[in-house]
Structures are given as C-alpha cells and as structure tokens.
Amino acid sequence: MDARISSALFFQQGLSGIQTAQTGMARAMQEISSGKRELSPALDPVVSTTVTSLEQSVSRLTQYQRNADAANARLGQTENALQGMTEVISRARELAIEFNKSTHDAVSRGVLRNEFGQLRDQMRALLNTQDERGEYIFAGSKVTTQPYPPGNPQTYAGDGLALNVQVAEGRTLQVGQVFSDPVNPDEIKTFLNTLDALATGTEPVANEADLTPMLAALDKAVTLRAQVGNAMNAVSLARTDNEGELYGYTTTLSALRDTDYASAITQLNQQTLLLQATQSTLAKVQGLSLFNVI
C-alpha cells in the first residue's frame with residue numbers, strides 16, 4: 001500500500017515537473033520570438049511596477065509634446081497675423097499723412113479713402129484669423145466666436161481670457177493672445193473705427209486724433225509679437241527638455257521590457273533538459289511492475 005501511494009505521489013510530482021518545464025519553455029520561446037519579456041506582478045512585482053510607472057511618464061511626456069506642437073503651430077499663426085497687422089497699421093499711418101496733403105482733390109482723396117477701407121477689411125480679417133481647427137486665435141477662450149464682427153463702432157465678441165497650455169512638467173504657456181477688452185474702449189477697436197471713418201468720409205481729414213490710435217495699435221501689435229516670440233522660444237526649450245526625459249525613460253523601458261536573448265536561450269535550454277530528464281525518469285519508473293515492487 002505504501003509502495004502504491006509513493007508511486008502515485010512520484011508520478012504526480014513528475015507530471016507537475018513536466019508542466020513546469022513546458023511552461024518555462026513556452027515562456028522562453030515566446031520571449032525569443034517576440035523580443036519582449038513577459039512581465040506581470042506575479043512573475044516580477046518590482047519590475048512590473050517600475051515598467052507601469054515609466055509607461056505613465058512616457059504617456060504624460062508624449063502628451064506634453066503634442067501640446068507643444070499644437071502651441072507652436074498656433075503661435076506661428078499668431079506671429080504671421082501680427083506681422084500682417086504691423087504692416088497694415090504702418091501703411092495706414094503713411095496714408096493718413098498723405099491724405100492731409102493739399103495737393104489732393106476730391107477724386108484722389110476718394111482713391112485714398114478706398115484704400116483706408118481695404119486696410120480696415122484686412123485688419124479685421126487678420127484679427128479674425130482662425131487656426132487649422134477653425135478656432136479664432138484672438139477670441140480669448142471663446143474660440144468658436146468671431147471676435148471682430150463688421151460694424152461701427154467696432155465691437156469685440158471675445159471674452160478677453162487668454163488660453164494656456166501645459167507643454168512640460170510644471171510649465172504652462174499662454175498661446176491665445178488677447179487684443180481687446182470685451183467692454184472698454186481699446187487701441188484696436190479705436191483703430192478700426194478710425195479706418196472706417198476715413199474710408200466712409202465721416203472723417204473729412206486725418207488729424208492728430210486719427211494718428212494717435214494708429215500709434216497705440218502699432219505699439220500693441222509690436223508688444224504682442226515680442227510676447228509671442230518669447231513663448232515660441234519657451235516651447236522650443238520645453239520640447240528639448242521633454243525629448244531628453246523621453247529618451248531616458250524609453251531607454252530604461254527598453255532594458256526592462258526587451259528580451260535578454262542570452263538569458264532566454266539559457267532558460268530554454270535548462271527547461272528543455274529538465275523536461276527530458278523528468279520524462280526519462282518517469283518512463284523508466286513506468287517500466288517497473290508494481291507487482292515486482294510488492
């Protein structure tokens with residue numbers, strides 16, 4: 001009876017050893033063929049936890065890079081729009097000075113008024129610039145609302161709240177520029193009103209009061225261009241820092257997740273030898289008659 005129990009227990013342990021060896025072989029072959037280690041809390045809780053943490057860091061930094069790309073594109077559009085505005089404002093000043101010359105008659109002044117109207121429309125179009133998603137870049141947070149609708153007096157339909165985006169750990173940048181106050185008079189609205197008055201003839205001549213808002217609008221555009229330039233530099237620095245961190249994290253992840261081929265092949269050979277030895281032992285024992293043992 002004792003022999004029977006010992007024999008049964010032996011076979012059970014042998015079969016368990018075969019299953020363990022087969023599992024080890026399968027895991028080693030999978031790691032060799034896929035190039036990735038099998039990671040789980042059960043197999044290696046420390047490495048598994050580290051990998052999860054690193055993957056979260058990579059995901060966060062990747063999102064920051066996407067934010068930085070979007071911010072850079074928006075700031076680039078803003079820079080182009082502001083460049084166009086400075087040109088419009090500068091031309092308006094030149095035209096206002098020319099408009100006052102006594103050499104002009106009604107016909108030539110009519111031509112100048114027509115150009116004032118064109119400059120007004122160009123300025124308004126630049127202030128209503130939309131990004132690739134169709135959002136108005138000078139509308140504050142009301143990105144789906146046209147900020148400068150046609151009309152005199154000029155109104156501002158935005159909300160004056162600048163948009164901010166996180167481009168790196170602990171770094172948030174302003175990417176939405178605000179020109180106007182939703183309620184109070186400001187340089188840009190006054191400038192558009194002046195252009196409209198000169199274009200329609202409600203302003204018979206361009207006096208000092210007309211030049212003042214032009215200078216103020218130019219100063220505002222130049223100041224915003226400087227801010228945009230600083231923001232673009234900050235985005236570039238953030239991207240560089242993110243890339244450095246991403247490289248470190250991905251390199252560490254690769255070392256933890258990628259297959260160590262030498263180790264995997266050694267493990268496969270060991271498990272193969274163990275399987276063969278266990279099978280051989282069981283075969284020999286199976287050849288013995290239980291009656292001979294009794």
Side-chain angles (χ1 to χ4, degrees), residues 67 70-93 95-96 113-167 172-203 206 209-232 235:
N67 291 350
N72 198 55
R74 189 182 180 98
L75 289 168
Q77 285 182 299
T78 304
E79 162 68 18
N80 290 336
L82 290 170
Q83 170 64 31
M85 290 180 204
T86 57
E87 293 172 1
V88 168
I89 297 168
S90 296
R91 177 54 184 159
R93 288 182 60 214
L95 204 62
R113 289 187 189 282
N114 184 61
E115 187 173 352
F116 277 124
Q118 292 174 358
L119 292 174
R120 173 202 59 205
D121 295 341
Q122 289 175 26
M123 186 68 178
R124 187 177 286 128
L126 290 167
L127 289 165
N128 288 324
T129 296
Q130 294 171 277
D131 64 15
E132 69 281 356
R133 295 183 297 182
E135 296 181 348
Y136 292 98
I137 65 176
F138 295 111
S141 66
K142 297 176 67 175
V143 293
T144 60
T145 301
Q146 186 183 57
Y148 293 90
N152 190 343
Q154 180 64 54
T155 59
Y156 176 65
D159 60 9
L161 300 177
L163 289 180
N164 298 296
V165 63
Q166 187 168 4
V167 295
T172 300
L173 294 176
Q174 179 178 320
V175 296
Q177 303 300 319
V178 177
F179 254 127
S180 296
D181 186 284
V183 179
N184 300 317
D186 58 67
E187 304 93 331
I188 300 303
K189 287 187 288 188
T190 303
F191 174 61
L192 286 170
N193 290 336
T194 299
L195 288 180
D196 188 73
L198 290 169
T200 58
T202 56
E203 189 75 32
D210 295 322
L211 292 174
T212 299
M214 295 181 184
L215 291 171
L218 183 61
D219 288 343
K220 185 72 173 285
V222 169
T223 299
L224 284 181
R225 284 190 70 188
Q227 292 175 2
V228 169
N230 290 337
M232 293 179 77
V235 169

Quiz prompt | Those residues that, when tested against R91, pass side-chain hydrogen bond (donor to acceptor under 3.5 Å, both in side chains) (two or more places apart) | solution = E94, E115
Quiz item: In Å, rounded to the nearest 0.5 Å, how long is the span from CG of N80 to CG of L75?
Solution: 11.0 Å
Practice problem: For T223, enumerate each residue passing the side-chain contact (heavy atoms from CB on, under 4.5 Å) test, keeping only those at least two apart in sequence or located in another chain. | Solution: Q227
Quiz item: Just by distance, do the side chain of T190 and the backbone of E187 share a donor-acceptor pair under 3.5 Å?
Solution: no
Quiz item: Who are the side-chain hydrogen bond (donor to acceptor under 3.5 Å, both in side chains) partners of D131, not counting sequence neighbours?
Solution: R74
Quiz item: Is any side-chain heavy atom of M85 closer than 4.5 Å to a side-chain heavy atom of F191?
Solution: no
Exercise. Could I get the full list of side-chain contact (heavy atoms from CB on, under 4.5 Å) partners for E87, not counting sequence neighbours?
Key: Q83
Quiz prompt | side-chain contact (heavy atoms from CB on, under 4.5 Å) against V165, all qualifying residues, sequence neighbours excluded | solution = N67, A71, V167, V175
Quiz item: Could you give the distance from CG (L224) to CD (E79), rounded to the nearest 0.5 Å?
Solution: 11.0 Å
Quiz item: With sequence neighbours excluded, what pairs up with E135 under the side-chain hydrogen bond (donor to acceptor under 3.5 Å, both in side chains) test?
Solution: R133
Quiz prompt | Spatial distance of atom OG1 (T78) from atom CD1 (I137) [nearest 0.5 Å] | solution = 3.5 Å
Practice problem: With sequence neighbours left out, write down each residue that passes side-chain contact (heavy atoms from CB on, under 4.5 Å) with S141, or none if nothing qualifies. | Solution: D159, L161, L163
Quiz item: What residues, two or more places apart in sequence or in another chain, satisfy ring pair (Phe, Tyr, Trp, His ring centres under 6.0 Å) together with Y148?
Solution: Y156
Exercise. Indicate the atoms forming the closest heavy-atom contact of A81 with T129, along with that distance.
Key: CB-OG1, 3.8 Å
Quiz item: What pairs meet the salt bridge (Lys or Arg N to Asp or Glu O under 4.0 Å) rule with one or both residues in residues 147-156, with sequence neighbours excluded?
Solution: none
Quiz prompt | Of all pairs that satisfy salt bridge (Lys or Arg N to Asp or Glu O under 4.0 Å), the ones with a partner from residues 190-199, not counting sequence neighbours | solution = R120-D196
Exercise. Nearest 0.5 Å please: distance from the CZ atom of F116 over to the OG1 atom of T200.
Key: 11.0 Å
Self-check item: Neighbour count above 12 (heavy atom, 6.0 Å) for R225 CZ
Solution: yes
Quiz prompt | Shortest non-hydrogen contact between A157 and Q146, atoms and distance | solution = CB-O, 3.4 Å
Self-check item: Single hit among V228, N230, V235 for side chain to side chain contact (heavy atoms under 4.5 Å, CB included) with M232
Solution: V228
Using atom types as modelled, flag every donor-acceptor pair under 3.5 Å from a side chain in residues 212-220 to any protein atom, sequence neighbours excluded.
{"residue": "T212", "atom": "OG1", "partner": "E208", "partner atom": "O", "Å": "3.0"}
{"residue": "K220", "atom": "NZ", "partner": "F179", "partner atom": "O", "Å": "2.6"}

Quiz item: Mind checking what makes side-chain hydrogen bond (donor to acceptor under 3.5 Å, both in side chains) contact with R124, not counting sequence neighbours?
Solution: Q154
Quiz prompt | Least distance between heavy atoms, R93 atom then L211 atom | solution = O-CD2, 4.3 Å
Quiz item: About how many Å separate CG of N128 and CG of L126, when rounded to the nearest 0.5 Å?
Solution: 9.0 Å
Quiz item: Between atom CG of N193 and atom CG of D210, what is the distance when rounded to the nearest 0.5 Å?
Solution: 11.0 Å
